[in-house]
> 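Below: one structure in structure tokens.
Every chain is numbered from 1 and lettered A, B, ... according to where its sequence line falls, protein lines coming before strand lines.
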Amino acid sequence: MSDAREGRAALRYKGAEIGVAAFLFALGALVIYGSLKLGVGWAEDGPKSGYFPFYVGLIICVSSLVNIARALLVRDADNKTFVKVGQLKLVLSVLVPAAVYAALVTWIGIYAASVLFIGFFMRWLGKYPWWKVAAVSLGTVVVLYLVFELWFKVPLPKGPLENLLGLG
Amino acid sequence: MDEIQSLMQGFNVALSPTNLALMFVGVILGVIIGVLPGLGGANGVAILLPLTFGMAQSPGGATSAIILLSCIYWGALFGGAITSILFNIPGEPWSVATTFDGYPLAQQGKAGQALTAAFTSSFVGAFFAVVMITFLSPVVANFALAFGPPEFFAVYLLTFCAFIGTSKEPPFKTLASMMLGFALAAVGTDTVTGTLRLTFGSTHLLTGFDFLVAVIGLFGIGEILLTLEEGLAFRGAKAKISARVVLDTWRELPRYWLTSIRSTLVGCFMGIVPGGATPASFMSYGVARRFSPDGDKFGTGKLEGVVAPETAAHAAGTSALLPMITLGVPGSPTAAVLLGGLMIWGLQPGPLLFVEQKDFVWGLIASMYLGNIAGLIVVLTCVPLFAAILRVPFSVIAPIIIVICAIGSFTVKNAIFDVWMMVVFGILGYLFKKLQYPLAPLVLAIVLGDNAESAFRQSMLMSQGEVGIFFSKPLVGTMTVLALLLLFWPVISWLIARLRSRSG
């Protein structure tokens, strides 16, 4: 893989602007739809539940349309790189594990998931020797356990492993 | 004077051993948060807020809780300067202007002087802002006691319109971001009628979106993703502060007294207006450059160029708490998080706080004085320690920060769904930051959405649907007109520019 490839634009500003504005437009439309179902008019006791969000949704849609229009007016020469391939790879190398981590928390609890997550990060991105990986990931989790469960008495999600150890 | 007496009582509350200890813990945690990439004032306080739920239940606990959290805020304000000067990485948006002269100074081996100047002027800015809060907030609160729903709605309107009028971002992006916040706030139970809305049948959305999760995702995860683009390594200057350097710098600082006063004024004023600290720091840097005799040497490492933005940023960050405690309208995202904390603890922010919760309010104000002194001591003595944190490789620190963010999101409502939402908000934060959608109005709208809506609907009930109620009395009318002026400011200033260019 060459540096030229890494430095190439994965996405330009025009595309990113339009994508985000379109996403917001869809959200605004969803809010309008939900408000219409609730009623946007007046009842005997004042404005209905959908009254306020309806206008909020409307403003989201209108301003998103303006933002899309503004993005479309950008000339190709001014269309700068939004994110380079190399940068996107770095970002995804954090984002994807973070998403997997969020999913793991559901299944195996936050402690085991955190050990795996920190371990994965240090080993694959940081190329640390295993003993350092183990020390940092286990150490962090133990400190978190002490602070949250014992000191502040805030229970965190646990999985089968903690139950097995009798900590659940 | 009543204020002095109340303040003394406040010192009585704040000087208890527990509260003093919490102050130092808060400041140290705050500096660490301010130094770490991806953690800042707003999301640092948001992550630690759930820990205070239990604390606030005990008698006097709410005061201890706010002291802890506000000291984290002061610490984060101090911490931002460390990363800006030593690493050229602004830890917070308002420390961007500090990098202009702070980093060149560090490269010339004068990091100690730059840091001492930054910390000292931060302290000075904050100190004057607290003095202002002490004397001005009872007046504002007293004034606001007579507010009804239309007046409160006008204040909210003014706050949000100020974002559109004053922010550097494109107005329609500010508008979209703000309205997204209102939409997210509307999800869940309608606070006025109690009906469910916009949940689309999802049980996860019954309780709505929590602003704490949004803050942690937007500022925490989003910031880490942004930092990553720059690569994995930080290179920084060495930091060492000896008593000698501190004293020498202190001897030099009085020379910049005029800059200090100007920056304090700019900061105090901009802090009360929402979204203040960042523009305040830039503005005061600009003003200092224009008026200083060495103005043309700014950017090459002038101490004055560190003094100006730091004083203003701290003055603004501190005075952002004035509208929060007196009106219930925060002036910055971090103040918004603190406001959310008050609501969760069962305190209704606003003018009544000064009547019903005297101990709390004056304990908080007294802690601002003490917290900033504690902050100055901590940062002056422990800089090398804090700088060492930034030398921990990113591949170690990033996953730990993400884990802490996840725990913070989870503990808000004990819901794993919120960990998911954190990731989603993180992506949103990354995209919004890169595309210049401002995050502050989004956060403020999530926090204030329900209040603003109910103020609006109550006003509408009072007037039977007549919008004229917002112009009916002089006070409410003035605020509404001012708000509309700010709302249409981008159009107005464009028109003025057109007219000027035509006549010229």
> Do B:Phe432 and A:Val20 pass the side chain to side chain contact (heavy atoms under 4.5 Å, CB included) test, and can you show the C-alpha distance, the side-chain angles, and the key distance before you say yes or no?
CA-CA 8 Å; B:Phe432 269 27; A:Val20 168; 3.8 Å; yes

> Taking A:Pro157, A:Gly57, A:Ala98, A:Ser64 one by one, which has the highest count of heavy-atom pairs under 4.5 Å against chain B?
A:Pro157

> Which atom pair, heavy atoms only, marks the closest approach of A:Ala16 to B:Leu435?
O-CD1, 3.7 Å

> Please lay out, stage by stage, how B:Phe182 and A:Ile60 fare under the test side chain to side chain contact (heavy atoms under 4.5 Å, CB included).
CA-CA 10 Å; B:Phe182 277 118; A:Ile60 295 181; over 6 Å; no

> Do the side chains of B:Phe200 and A:Leu30 get nearer than 4.5 Å, heavy atoms only?
yes

> Would you say the side chain of A:Tyr33 lies within less than 4.5 Å of the side chain of B:Leu198, judging by non-hydrogen atoms?
no

> Let's test your reading of the structure: which of B:Ile427, B:Thr195, B:Ile416 forms the most heavy-atom pairs below 4.5 Å with chain A?
B:Ile416

> Count the heavy-atom pairs under 4.5 Å between each of B:Leu226, B:Thr199, B:Leu225, B:Leu431 and chain A, then report the option with the highest count.
B:Leu225

> Please look at A:Lys132 and chain B and tell me whether the side chain, the backbone, both or neither of the residue comes under 4.5 angstrom of a heavy atom of that chain.
neither

> Are the side chains of A:Tyr128 and B:Ser395 in contact, using a 4.5 Å heavy-atom criterion?
yes

> Check each atom of A:Ser137 against the heavy atoms of chain B and say whether the ones under 4.5 Å are side chain, backbone, both or neither.
neither

> Report yes or no: does B:Lys434 contribute a side-chain atom to a donor-acceptor pair with the main-chain N or O of A:Phe82 at less than 3.5 Å?
yes

> In terms of heavy-atom pairs under 4.5 Å, which option from A:Val31, A:Val94, A:Val83, A:Asn67 contacts chain B the most?
A:Asn67

> Do A:Pro53 and B:Arg197 have side-chain heavy atoms sitting under 4.5 Å apart?
yes

> On a heavy-atom basis, which atom in B:Phe410 and which in A:Pro155 lie closest, and how many Å separate them?
CE2-O, 3.5 Å

> Count the heavy-atom pairs under 4.5 Å between each of B:Asn414, B:Leu428, B:Leu180 and chain A, then report the option with the highest count.
B:Leu180

> Would you name the heavy atoms of A:Ala99 and B:Trp420 that are closest together and state the gap between them?
O-CH2, 4.0 Å

> Go through the atoms of B:Ala176 and report whether side chain, backbone, both or neither lie under 4.5 Å from a heavy atom of chain A.
both

> Let me know if A:Ile118 has heavy atoms under 4.5 Å from chain B in its side chain, its backbone, both or neither.
both

> Please name the pair of heavy atoms, one in A:Ser49 and one in B:Glu453, separated by the smallest distance, quoted to 0.1 Å.
O-OE2, 4.4 Å

> Which distance, rounded to the nearest 0.5 Å, do you find between the OH of A:Tyr51 and the CZ of B:Arg457?
9.5 Å

> Who among A:Val62, A:Leu27, A:Leu92, A:Ile59 has the most heavy-atom pairs with chain B under 4.5 Å?
A:Ile59

> Using heavy-atom distances under 4.5 Å, tell me whether B:Phe417 contacts chain A through its side chain, its backbone, both, or neither.
neither

> Go through B:Val419, B:Thr411, B:Val403 and name the one with the most non-hydrogen pairs under 4.5 angstrom from chain A.
B:Val403

> Please classify the contact of A:Ala113 with chain B as side chain, backbone, both or neither, using a heavy-atom distance under 4.5 Å.
neither

> Given that the side chain runs from C-beta out, which part of A:Phe120 has a heavy atom under 4.5 Å from chain B: side chain, backbone, both or neither?
neither

> Check whether A:Val105 gets within reach of chain B through its side chain, its backbone, both or neither, counting any heavy atom under 4.5 Å.
both

> I'd like to verify something: which residue of B:Ile221, B:Ile407, B:Asp190 has the highest number of heavy-atom pairs under 4.5 Å with chain A?
B:Ile407

> Enter the distance from A:Leu95:CG to B:Ile402:CD1 here, rounded to the nearest 0.5 Å.
8.5 Å

> Start with the C-alpha distance between A:Arg70 and B:Lys173, add both sets of side-chain angles, then the distance that settles side chain to side chain contact (heavy atoms under 4.5 Å, CB included), and finish with yes or no.
CA-CA 11 Å; A:Arg70 278 173 53 109; B:Lys173 287 186 173 172; 5.8 Å; no

> Could you tell me which of A:Val133, A:Leu156, A:Val147 has the largest number of non-hydrogen atom pairs under 4.5 Å with chain B?
A:Leu156

> With respect to chain B, which residue among A:Leu88, A:Val141, A:Thr106, A:Val136 yields the maximal number of heavy-atom pairs within a distance under 4.5 Å?
A:Thr106

> Other residues, nucleotides and ligands only: do more than 12 of their heavy atoms fall within 6.0 Å of CZ on B:Phe53?
yes

> Which heavy atom in A:Phe121 sits nearest to a heavy atom in B:Ala398, and how many Å separate them?
CE2-CB, 4.1 Å

> Minimum heavy-atom separation for B:Val423 to A:Ala102, with atom names?
CG2-CB, 4.2 Å

> Do B:Asp450 and A:Phe52 have side-chain heavy atoms sitting under 4.5 Å apart?
no

